[in-house]
Amino acid sequence: MTHALHGRSAGAVVPRRLHIDAPLKFRSGATLDAYDLVYETYGTLNAARSNAVLICHALNASHHVAGYYANDPKNVGWWDNMIGPGKPVDTDRFFVIGVNNLGSCFGSTGPASTDPATGKPYGSRFPVVTVEDWVASQAALADRLGIGRFAAVMGGSLGGMQAISWATAFPDRIANAIAVAATPKLTAQNIAFNEVARRAIVTDPDFHGGDYYEHGVKPKRGLRLARMIGHITYLSGDAMMERFGRTLRADEIGYHFDVDFEVESYLRHQSDKFAEYFDANTYLLITRALDYYDPARDYGNDLAAALAPARARFLVVSFSSDWRFSPEHSRAIVKALLDNRRDVSYAEIDAPHGHDAFLLEDARYHAVVRAYFDRIAREIGEAGATAAELALPGELLVDAGRAEGASEGFAA
Amino acid sequence: MTERALAKLAGRPDLRAIAAWVRKGASVLDLGCGDGLLLKHLAQTRAARGYGLEIADEKVIACVANGVNVIQTDIERGLSGFDDASFDYVILSLTLQAVRRTEAVVMEMLRVGREAIVTFPNFGQWEARWQVLRGTMPVSKTLPYQWYDTPNVHLCTIRDFDNFCATHRIGVLERLVFRDGSVVRFLPNLRGSVAVYRIRGGG
């Protein structure tokens, strides 16, 4: 791989924690009086403040989108193949922001954070958060960064839902929405998989109704199972078969219920790793946000009516082997936008990797995104020539802690 | 539009004819839209709101680069995602001859479009007939392929298409035939290289 083709790394980055001292009213009716958002930025905001791009994350990712940490150089951002100097989302031209969503476990306020009212972790008292709530909190971050309008809001999977939600919640604050491997709502099968994952967590004896922090334990067994089932849905059957086949760990089958097959070993290893760094309450919250996302619900199940307020141009991308959020669901988004005569382009990438394809480097996929952002950059034009005076708000988190970067099976 | 793109458009009289026909502010669906040149031209000159359908990855990428709305899909599978009479015009420009399910595609165009515009290379022009008479498959500017590498599967003449319209109750609203960029009125099926039709269903 050459730099000319694939761009360079965004380099060593340092996240910041911004305290937002303004109440956030959730769709559920709950309120947080104040909250923290952890974010990272790459590139330079131009003088016209017209080149900002917000990247929204999916289930278990974070604000650490690109680059690496100086004290942990192997911790590379989860979308580093997409975002950086010379990459499809070119940080030489765009000011890119990664933000950790509320309810997550990588620094933004979440169930493991201390509730100022009680001095104890929120635990089970953390509000059930929706995609719309995240978008509202991201808009509060944008306000404090002095960004009135994003050149683009982009995300894959659950991140794509946020991009769509941005376009309808703040039509004047987003010029382009890029939704990759997304869906306008989960299917019964999707919700069923999420429910199995949640049952695994809440029936773990260490769950303690969500307030396990006080007991000094974590429901790791449940979280491992949740991760295993999620992981299976991110991959295509073919990709799994190609990678693991029926290969055995030993020479012969063992006639036991311990690990026999490679795929078992892989799932156990991945889920063990996951259960060490991820928070079970966060897993519950984020799968619920996925389940509840259904913008058409408020409009008599008319998706076109739900998307009617959007003014942004859209790029929708799906992957042929994604059986979790199949191309059919992306086509429904496209149809709804088309019915509203909104600007939309749609690429259906023939890729074998399943849902996870959105995180992988595929020449056609990246070429579409690159062409789309090149066009945005042309429209921004010379406004990009000079830098804005911008003092990034929030406290530097030099000791970045655990913000997971790229790994496999990241999706949803 | 770039100068290269303009030059390319100048070499396609059928595209200029389409641009002249399309009403200002119309909605347009372009099947097999290639790099989106026609849609870009229609947007700029006719304030048309257009979408292209295209199956080839590299052409989808070209459309996105050109700032043209493109939807990656196989038009052979029909236009099932599109409602009846949801576009002012559905266009099939120099693609008719490369479509496998020609009849079904044209009928779908007439369902989704209030009108359809079809352009195709005329297999009836005398150079083509002459080459067939001499015992070879025709190769020309509008039919540049050899028999063994051509994407064209359903070549037709102007008379064939007229017959098709008659038997399928398709109304021909307007027809233009070109040769070397000029309109041909005398013996069009013998002299024309490209035909452009504006048609309507239930005619």
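The sequence lines fix the lettering, A, B, ..., with proteins before strands; numbering per chain opens at 1.
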Take atom [atom1] in [X]; do more than 12 heavy atoms of anything else shown fall under 6.0 Å from it?
{"X": "K185(A)", "atom1": "NZ", "value": "no"}
{"X": "R159(B)", "atom1": "CZ", "value": "no"}
{"X": "R341(A)", "atom1": "CZ", "value": "yes"}

Under 4.5 Å from a heavy atom of chain B, the part of V344(A) involved: both
- prompt: Which answer fits D374(A), side chain, backbone, both or neither, if we ask what part of it has an atom under 4.5 Å from a heavy atom of chain B?
  reply: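 Interface part for D374(A): neither.
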- line: Looking only at I61(B), I55(B), N69(B), the option with the highest number of non-hydrogen pairs under 4.5 Å against chain A is N69(B)
message: Using 30° and 60° as the class boundaries, would you call the ring planes of Y51(B) and F87(B) parallel, tilted or perpendicular?
response: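 It falls in the perpendicular class, over 60°.
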query: For the residue pair F120(B) and F161(B), does the interplanar ring angle fall in the parallel (under 30°), tilted (30 to 60°) or perpendicular (over 60°) class?
result: tilted
Do you know which of [options] has the most heavy-atom pairs with chain B at a distance under 4.5 angstrom?
{"options": "L338(A), I376(A), D339(A), V316(A)", "value": "L338(A)"}
{"options": "E379(A), R342(A), R331(A)", "value": "R342(A)"}
{"options": "A367(A), A332(A), A371(A)", "value": "A371(A)"}

